[in-house]
Each structure stands twice: as structure tokens, then as C-alpha cells.
Student: 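Dumping the structure here so I can ask a few things about it.
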Amino acid sequence: MKNLKRIDPQIAKLIAEEGKRQQDVLEMIPSENYTSKAVMEALATVLTNKYSEGYPKKRYYQGNKVVDQIEIIAEERAQKLFGVPYVNVQPYSGSPANSAVLMALLEPLKDKIMGLSLSFGGHLTHGSPVSFSGKYFKTVPYQLNKEGLLDYEVIGQLAKKEQPKLIICGFTAYPRIIDFKKFAEIADKIGVLTGSPTYLLADISHITGLIVAGVHPSPVPYVDIIMTTTHKTLRGPRGAMLMVTEKGLKKDPELGEKLDKAVFPGLQGGPHDNQTAAIAVALQEASKASFKAYGARIVANARKLASELTNYGFNLVSGGTDNHLLLIDLSNKKVNGAVAALALEVAGIVVNKNAVPNDFLPPFYPSGIRLGTPAITTRGMKEKEMIKIASWINKAISEVQNQNFPKDKEERKLFWKNFKTEVYKNKKLLTIAKEVKQLTSKFPLP
Ligand code: DSN
């Protein structure tokens, strides 16, 4: 970074600070990860200088001979890795990619989307009323059952009644295996009932790496369209891909063209060619045998962490995990997710506050926290470290549990303001942070 240091020392210093933060703490937000140096090298290249509106060999600007090759390589690698006939690697990120699916397939204010409710672990773009997806399309949210699990029977009944044009499966806070076959049966039945296709979209952003590694079933045989971000368990740069399966093409042979048009010119301008190159690199890395071992290790670590935390009396939504993430309902510890997440951050453990199914608390102070193992597994941590991490989490939460969080809005604001000052002085949390730093110093970033 010698040029950056010289030209803009202020930004250079902050980037270095963020690098140190990432090194010193346990990054346990389940949607975060560390890319390889090779991915970052591809990002920081001359490709950022280029405009390439359009698609390979059909551009609106000259000078895309090299970029065409890069984009084709990225597409071909994704086709091979996932076993799909069509890929678009241009979406800037997950939300634009999901928006492109809606734009390609649905008529605004008329057609219905059926996705998991945001408060149960769905995504904003799966039909939440605060997002484009819920404002411009009719939506029918489904929920999880009392155990925090998908109830395919109930979802099927809702689909039959509401007859959505698009069903979305794939979530941001669901710790269990998704049965894509059951979702397909639901969508196919609606198609037969209405005489026009009901599309099934799998948003696999969280679990892509696990699917590639073979530790989560693939949606490819069952769904029509797949959307994935590239920066979570796949460990690439920020970005997203849209894929169409053989089944999707059979349902609608123009699905690929429709998605292409929705991405560009529908929603985006020029693709970020440096990002495309970095996606290609990540896909190459994910095709190696070592990536399979990585995926299996993510799940083994999450399972170990889940069993240790359960032994400490933590209440895991759905009773455990099959994938990379854990959703903890902290109600029995008498602490909310906002207080717990901040205390953990002071202790060097970075998670996010999260609503739990049927949460009685508001989204800013929800009842739970969400944490996961993709990033710490990238650093090489294993079961032994999970045992230690669980004991630190337990100690840190003990420091802040059993507090009476006020119900009154104004009192709550005051409590939160005081807590935000006091928590940084908590000696026990600061001691944990030191111990965390000792551990993380043995596990360098890629
Ligand atoms: N923000 C992502 C997550 O944390 O799951 C979803 O877009």
C-alpha cells in the first residue's frame, strides 16, 4: 500500500486499523469471511478502469476483448462448479440480483412473491414491506413453526391458497438443512393448479460454500433459478451470481435472457470487471479438494460450538445447527441481543443481534444473536478452539445477563446510552478480549 500511504495517509491508516481489528478478533458474523490474497489482488487491478455495458461479445463499448475473456471464464467456472447451463456474474450484490429476478418474472403490483418473513430469517428482498420487493409486488410471507423449523405442509397450504408467481427458499438465519425437493413439489403443484408457471428461486447466499463442498444438498435438480452472493461461505469478493437450472430452462426457455435483460439494462449499468475477475478466482479456489474439507470443517465447528453452548444453558433456535450458523434466543438469560452483541464485541467476539422466531422484542433490541463459523474456520480453527470460544461467550454474556432492560422508550434510550459507555470499562470483558487476541495471533488471516 505504499502509494496509498503517500497519497492518502488518512485512509491508509484506517484500512490498516481495520486489518488489525480483523486479525485481533473472532469474526463470527455468519455472512462474513476472509477472501484469499489472490481474490484481493484481482480486485485491486486495472479492471476497475473499464466500462463493459452489455455481455461478452455484445458490448456497448469498445475495448472489451480482455474483459470478455474474463467474464466468460467466470461464467464457465460457475456452470461447471454448480452444474447449471446458464450463469450471469454481473449483479453488484445479492439485493440487486434478487431484484433482477423479480423484475424479470413478475408484473409489478399484480404478481405475488412468497418468501420467509424477515423476522423469521428471510431476507429484505424476499418480500419485506420495507424493501422494493414488498413495495412493488404483492407478498405472502410464510413463517417457521414453534420449533423454529420450516413446516412444508403449512407452507404448501399457504401456497395453494395464495397461488404466488414466485416462491423463494433460502434464508439468512436458518440453521437447518433446506429441503429443496419439498419446495419444488409445492411450486410445481401451484403451476398445475393455475396453468401458468410458478417459479422457484433458491437464494443460497449463506450456504453456497457448503453446497459446493457437498455438506448441504444442492438445489440444482429442483429449483428454476439460483441466486448466490459470492462473499459469504464461497469466500470470494462482494458480488452475486444468477443461475438458471435445466429445470428452469424447461419451464421457460427464455429465463436466461429475461434475467440478463433485468440485470442490464434493467437495473444496472456497467459490470464491475474487477469484481468479475475476483469471482472467477474464487470459483477456481472453490473447485479444489481443499475447499471440500473447508466446508466440512465449517459445519463440524458449528456443531461443536452448538453443543458446547447448549451445555452452558443457551437456547438454540431449532435446537442446534446443520450448517454454518447458530441462532441463539437469549430470553432465558434475561438479556437482549443488542446488549449481548455489544458485550461480546468488547470481549473481541463479533456477532450480530438478530430477531428470533415470534420475537416479542423490536428489531433494534431483538431477543437473539446470530453467529457462525465460516470466517474462523478460514483461519484454521477447529473443535479445540470452539470449546474455548463457547466458554468465552458464556462468560461474556454472564457479565450482562439478568439486567432489567426498560420497557419505556425514553428509559430504554437512557439505559442504552449508559450501557454503551460502561461496557467498554468492564474488566472481565476486556480480559476476555486479551485472551481472544492471544488466540487469534496464532491464526493469521489468509
Ligand atoms: N446481510 C446479509 C446477512 O448478514 O445475512 C444478508 O444480506
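Counting convention: from 1, in listed order, for ligands and their atoms alike. Please read all numbers here as calculations on a predicted model, not as lab measurements. The first residue in the sequence is number 1, and the count goes up from there.
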Student: Show the atoms of ligand 1 that are less than 4.0 angstrom away from any heavy atom in Arg370.
Tutor: 3 (C), 4 (O), 5 (O)
Student: Please report which non-hydrogen protein atom sits nearest to atom 2 (C) of ligand 1, along with the residue it belongs to and the distance in Å to one decimal place.
Tutor: Lys232 CE, 3.9 Å
Student: Does Thr172 reach ligand 1 with a nitrogen or oxygen that is under 3.5 Å from one of the ligand's nitrogen or oxygen atoms?
Tutor: no
Student: Less than 4.0 angstrom from a charged side-chain N to a carboxylate O is my criterion; do Arg235 and Glu285 meet it?
Tutor: no
Student: Quick check: are there more than 12 heavy atoms from other residues, nucleotides or ligands sitting under 6.0 Å from OH of Tyr51?
Tutor: no
Student: Atom 7 (O) of ligand 1: which protein heavy atom is closest, and how many Å away?
Tutor: His123 NE2, 2.9 Å
Student: Atoms of ligand 1 less than 4.0 Å from Ser31 heavy atoms?
Tutor: 3 (C), 4 (O), 5 (O)
Student: Could you tell me whether Asp273 and Lys50 have a side-chain N and a carboxylate O separated by less than 4.0 Å?
Tutor: no
Student: Does atom 4 (O) of ligand 1 have a protein heavy-atom neighbour under 4.0 Å away?
Tutor: yes
Student: Under a 4.0 angstrom heavy-atom cut-off, which atoms of ligand 1 come close to His206?
Tutor: 3 (C), 5 (O)
Student: Does Arg176 pair with Asp322 as a salt bridge, N-O distance under 4.0 Å?
Tutor: yes
Student: Check Glu385 with Lys382, please: is the shortest side-chain N to carboxylate O separation under 4.0 Å?
Tutor: no
Student: Regarding Glu308 and Lys304, does a basic nitrogen lie under 4.0 Å from an acidic carboxylate oxygen?
Tutor: yes
